[in-house]
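Comments concern the structure below.
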Amino acid sequence: DTAVSQTPKYLVTQMGNDKSIKCEQNLGHDTMYWYKQDSKKFLKIMFSYNNKELIINETVPNRFSPKSPDKAHLNLHINSLELGDSAVYFCASSQEGPRLAGELFFGPGTRLTVL
Amino acid sequence: AQKVTQAQTEISVVEKEDVTLDCVYETRDTTYYLFWYKQPPSGELVFLIRRNSFDEQNEISGRYSWNFQKSTSSFNFTITASQVVDSAVYFCALTTAYNNNDMRFGAGTRLTVKP
């Protein structure tokens, strides 16, 4: 009964490859996110999806493309992987609403290593 | 713009010492929400607490306590009688009612509790 799940947990790949990370939440939340955590532990928001609509798109390269087939899923596809993409990617979800500002529920993270 | 500053990069204490982790925030919104998250060595991100800008009452939960002071824009976290299991990276975060799907994190404070 995992709340937010991500697959795979580890991803090792060569530069130039295309890869995807999948995320699913079973909490019934309206909003899902992708965060990137670099080697210094800094957490930076990449994307936010509310009811399948993109509402935040931080200045990430367009090689990164989020895909949300439904409210419970938010996948991250990365084209032409670069060394600098190596990081831990966290999916998260929250309950949406102007007065709620609920906490984020995070997935376990996907450690991406680009060789 | 919203910003969270955690000036302490690393803190090391000996078990049973008290330790305070500092968090200073910036926002122009009058309604906002502050959070603390814990990231133990295993890597997951665990929600600890949420406070809204209208509630300056301090909170205590077991050995954990939080001191919210709007006058100094601070939301500090104190661990009393620290234990080795408290060793983790702790993140302070901020979101606002205007933009509650955009949670901004501080850089984190790495706490090491030595036996």
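Labels below follow one simple rule: chain letters A, B, ... track the order of the sequence lines, proteins then strands, and each chain is numbered from 1.
- A 4.5 Å side-chain heavy-atom check between B:Met103 and A:Tyr35 finds at least one atom pair inside the cut-off.
- Two residues are said to be in side-chain contact when any heavy atoms from C-beta on lie closer than 4.5 Å; B:Leu45 and A:Leu43 meet this criterion.
- Between A:Gln37 and B:Gln39, the closest side-chain pair of non-hydrogen atoms falls below 4.5 Å.
- When the side chains of ILVMFWY residues are joined at heavy-atom separations under 4.5 Å, either directly or via intervening members, B:Phe105 and B:Val24 end up in two distinct hydrophobic clusters.
- By the neighbour-count criterion of 12 heavy atoms within 6.0 Å, atom NZ of B:Lys38 is densely surrounded, having more than that number from other residues, nucleotides or ligands.
- Contacts of B:Phe47 with chain A are made by side-chain atoms alone, with heavy-atom separations under 4.5 Å and no backbone atom involved.
- The contact between B:Phe91 and chain A is made entirely by side chain atoms (from C-beta outward), counting heavy-atom distances below 4.5 Å.
- Between the side chain of B:Tyr37 and the backbone N or O of A:Glu103 there is no donor-acceptor pair closer than 3.5 Å.
- Around the CG atom of A:Asn62, the shell of radius 6.0 Å holds no more than 12 heavy atoms that belong to other residues, nucleotides or ligands.
- Proximity to chain B is limited to the side chain of A:Ile45, based on heavy atoms less than 4.5 angstrom apart.
- Each of B:Ile49 and A:Leu104 belongs to its own hydrophobic cluster when Ile, Leu, Val, Met, Phe, Trp and Tyr are linked at side-chain heavy-atom distances under 4.5 angstrom.
- Using a 4.5 Å cut-off between heavy atoms, A:Phe105 does not touch chain B at all.
- There is a path of hydrophobic side-chain contacts, each under 4.5 Å, that joins A:Leu54 to A:Met32.
- Residue A:Met15 is grouped with residue A:Phe64 when hydrophobic side chains (ILVMFWY) are merged at heavy-atom distances under 4.5 angstrom, including chains of intermediate members.
- Annotation for B:Arg51: atom CZ counts as buried by contact number, over 12 foreign heavy atoms lying within 6.0 Å.
- Here OG1 of B:Thr109 is found 13.5 Å from NZ of A:Lys41. Values are rounded to the nearest 0.5 Å.
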